[in-house]
Amino acid sequence: MNPLIETLNKAQREAVTAPLGHILVLAGAGSGKTKVLTHRIAWLLETGQARSHNILAVTFTNKAANEMRYRIDTLLTKPAGGLWAGTFHGIAHRLLRIHWQPANLPKAFQILDTVDQLRILRRLFKTLDIDEKQWSPKKAQKFINGCKDEGLRAKDIAVDEGDTWLTNMLSIYQAYEETCQRTGMVDFAELLLRSYELLRDNSALLESYQDRFQHLQVDEFQDTNTIQYKWLHLLVGSRGKLFVVFDDDQSIYHFRGAKIENIQKLQEDFADTRLVRLEQNYRSTDTILASANALIANNKDRLGKNLWTQDKAGEPVFLYTAYSETEEARFVAEKIQAWRGKRQEVAILYRTTAQSREFEEALLEKGIPYRIYGGLRFYERLEVKDLLAYLRLLRHRDDDSAFERVVNTPKRGIGERTIEMVRGVARQQGCSMWQAALRVPLKPRARNSLLAFLDLIERLSQRVKDLPLHEQVEQVKIASGLLEHYKKEAKEEAERRLENIEELANAARNFEKYSEPLTAFLDHAALESVQGNPSDDCVQLMTLHAAKGLEFELVFLCGLEEDLFPHKTSIEESSLEEERRLCYVGITRARKHLYLCHSESRYRYGRRDYCTPSRFIGEIPDKLIQEVRLRTAPGIGSTKKRAR
DNA sequence: GTGGCGTGGCTTTTT
DNA sequence: GCCACGCCAC
């Protein structure tokens with residue numbers, strides 16, 4: 001038998017070797033979905049049904065994309081040149097870089113991250129003189145991204161005369177679009193929408209890509225939003241073949257536009273689809289699986305599947321009731337202290353980020369190393385963004401957002417008034433802020449400071465222009481005054497910032513091989529900002545959302561209380577089924593040991609609230625659960641009133 | 001430019 | 001009840 005398929009079970013093999021057509025793979029948690037996806041690609045190549053440049057593989061996260069590339073490489077005997085594998089955003093971006101002209105973008109268009117986007121909107125609110133209280137920039141941001149995710153431009157949205165809210169939002173959207181277009185900025189949602197429009201409106205181009213990508217492999221399809229679906233639909237055309245892997249029970253991103261209905265839509269839009277179910281789980285014990293199955297059975301809106309395993313029952317699912325969130329954390333820390341396995345095999349999962357602090361403190365107290373996922377990414381850090389902004393300005397004097405960012409960072413006596421003047425002139429004369437700064441009439445003091453800045457950039461630019469990128473970073477660090485600036489901060493803070501800048505210089509080396517090193521570097525910074533490396537021997541703390549796709553020997557699922565999990569707003573918005581899926585994701589992360597924890601009271605919004613156990617606990621059969629009491633340890637449990 | 005004050009929000013988040 | 005952020009006054 002072909003070695004590619006001999007390690008597969010029957011269902012996996014069916015999916016991998018299915019004759020050409022649209023294949024939907026319903027892949028339960030831990031059923032080997034990445035394996036099927038990568039083996040399918042290898043199968044197509046090795047049986048000569050496809051050549052590598054005919055394949056496009058899309059995922060949602062960079063992590064998944066990297067994993068996929070790696071696994072394809074190890075499966076294949078020769079490298080798969082010409083195969084495109086990446087995130088939706090990454091591939092859309094690639095198309096726009098190649099076809100910037102028909103996409104109506106400047107060659108050096110820049111990617112806007114979430115923070116930059118908000119900055120632009122704030123400024124727009126000021127120029128348009130909109131009341132920030134009533135129409136907050138954050139809400140506008142949400143509105144705009146929501147529209148783009150749906151594939152809608154401002155002009156596509158019909159509005160009633162009387163609807164002031166919508167009218168206002170639309171005019172902001174419109175103004176924002178104009179600003180972005182004028183300054184060559186592209187936000188994340190725009191990458192997708194723009195590349196969709198690019199293909200839609202250029203039939204020759206579309207046809208060439210339809211010809212090329214005859215096989216489209218899609219991961220986590222349940223998380224696609226409207227524009228991603230439209231994009232795929234367009235690209236598949238009449239000849240392409242879809243191979244789509246999904247799990248409707250793990251759809252947890254509805255809140256940011258994911259459309260679980262896309263699964264049904266796909267089956268309607270493409271007549272000849274074939275569904276393969278992967279229901280054998282290779283991850284968890286029978287007890288853990290049975291719990292997950294029982295829980296998710298309470299959802300009405302699902303395709304329905306039943307995961308099974310050959311694994312034995314294992315130990316029961318443990319349930320711990322704490323008196324307070326502090327006690328909950330102490331219990332978890334104590335259990336981890338007693339754990340004899342590897343620490344990175346332990347995860348503490350919770351619904352909201354705010355819950356992490358209590359666990360941090362408990363772990364700290366016991367001297368247990370931990371790592372929290374989430375929070376600021378490397379390229380989102382202040383010092384990194386500051387330095388990158390200098391690099392941007394060195395390349396392009398007309399980059400207004402870079403200009404604004406660094407003109408007075410570090411402080412060099414150019415105040416808000418001065419900047420406002422510059423902005424005013426720029427708007428009036430329709431030029432960049434850099435150009436405006438050269439001619440703006442100012443009082444001597446402000447004028448001198450501003451000219452000194454312009455001069456600094458010009459001289460720096462001369463000095464640096466033939467240096468490799470990483471040396472540019474070093475030079476900018478010193479000449480800009482950022483180094484001195486950060487050194488003034490608290491010692492630890494300063495050290496961290498300087499370390500990050502070193503790291504940035506280091507990262508820059510990897511891009512020196514490109515023809516446009518800085519552009520490649522900046523794109524990477526915006527689009528592929530990976531979280532730091534998973535450090536060894538640390539307990540992992542993360543939200544349930546962050547845990548998707550991961551697995552651990554020992555899992556603590558915490559804060560299982562009504563109003564927290566399921567979260568209050570979800571109950572009100574009746575998106576309870578999504579909360580349940582989130583719980584399902586949490587349970588199925590565990591391989592061998594699972595603890596469900598809840599507290600009878602919790603300090604929230606400045607009050608101590610009394611909590612009832614989550615309905616999800618009650619949905620797991622009693623016979624699978626064993627309640628645990630904290631063994632009486634010094635200082636624990638004995639002084640506090642114990643309920644029950 | 002800094003510090004003090006007031007206000008809003010407070011679920012999840014990748015790119 | 002706390003924090004972050006924006007605004008204003010000095």
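Only a predicted model underlies this, so the values are computations on that prediction, with no experimental measurement involved. Chain identifiers are assigned alphabetically (A, B, ...) following the order of the sequence lines, protein sequences preceding nucleic acid strands; residue numbering begins at 1 within each chain.
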Hey, would you say the W100(A) and F109(A) ring centroids sit under 6.0 Å apart?
no

Determine if H545(A) stacks with dT12(B); use a centre-to-centre distance below 5.5 Å and an interplanar angle below 30° as the criteria.
no

Does the separation of the ring centres of F521(A) and F511(A) fall below 6.0 angstrom?
yes

Between the protein and nucleotides 1-5 of chain C, are there any N/O to N/O pairs under 3.5 Å, and if so, what are the atom names and distances?
{"unit_1": "dG1(C)", "atom_1": "O5'", "unit_2": "G606(A)", "atom_2": "O", "d": "3.2"}
{"unit_1": "dG1(C)", "atom_1": "O4'", "unit_2": "G606(A)", "atom_2": "N", "d": "3.2"}

With ring centroids as reference points, do H524(A) and Y514(A) lie under 6.0 angstrom apart?
no

N or O in side chain of S136(A) less than 4.0 angstrom from dG8(B) OP1/OP2:
no

Distance flag, aromatic centroids of Y373(A) and H545(A), threshold under 6.0 Å:
no

For F125(A) and dG6(C), what is the distance between atoms CZ and C1' respectively, to the nearest whole Å?
14 Å

Whole angstrom value for the distance that separates C1' of dT11(B) from CD of E562(A):
15 Å

Round to a whole Å and report the spacing from CZ of R256(A) to P of dT12(B).
13 Å

Send over the distance from H524(A) NE2 to dT14(B) P, rounded to a whole Å.
16 Å

Hey, is the side chain of T543(A) poking within less than 4.0 Å of OP1 or OP2 on dT13(B), counting only N and O atoms?
yes

Specify the residue among A189(A) and I252(A) whose closest nucleotide of DNA chain B lies further upstream toward the 5′ end.
I252(A)

N408(A) CG - dT2(B) P separation (whole Å)
9 Å

Between the side-chain atoms of T114(A) and the base atoms of dT13(B), is any donor-acceptor pair under 3.5 Å?
no

Select base, sugar-phosphate, or nothing to describe what I414(A) touches, counting heavy atoms under 4.0 Å on all strands.
sugar-phosphate

Q228(A) CD to dT15(B) P, straight-line distance once rounded to whole Å
12 Å

Between dT13(B) (P) and Y253(A) (OH): distance, integer Å
7 Å

Taking only side-chain nitrogens and oxygens of N62(A), does any of them come within less than 4.0 Å of OP1 or OP2 of dT15(B)?
yes

Write out all pairs satisfying salt bridge (charged side-chain N to carboxylate O under 4.0 Å, His left out) with one or both partners inside residues 105-115 of chain A, taking only residues at least two apart or from two chains.
D113(A)-K385(A)

Ring-plane angle category for Y350(A) and F359(A), please: parallel below 30°, perpendicular beyond 60°, tilted otherwise.
parallel

Can you tell me how far P of dT14(B) sits from CD1 of I91(A), to the nearest Å?
19 Å

Take atom P in dA4(C) and the same atom in dT11(B), then report the distance between them in whole Å.
15 Å

To the nearest 0.5 Å, atom CG of L582(A) lies from atom CD of E578(A) at 7.5 Å

As a test of reading the structure: which of dT15(B), dT13(B), dT12(B) is closest to the side chain of H89(A), going by heavy atoms?
dT15(B)

Ring-on-base stacking between F255(A) and dT12(B), under 5.5 Å between centres and under 30° between planes: is it there?
yes

Listed partners of T61(A) passing side-chain contact (heavy atoms from CB on, under 4.5 Å), at least two apart
K63(A), A64(A)

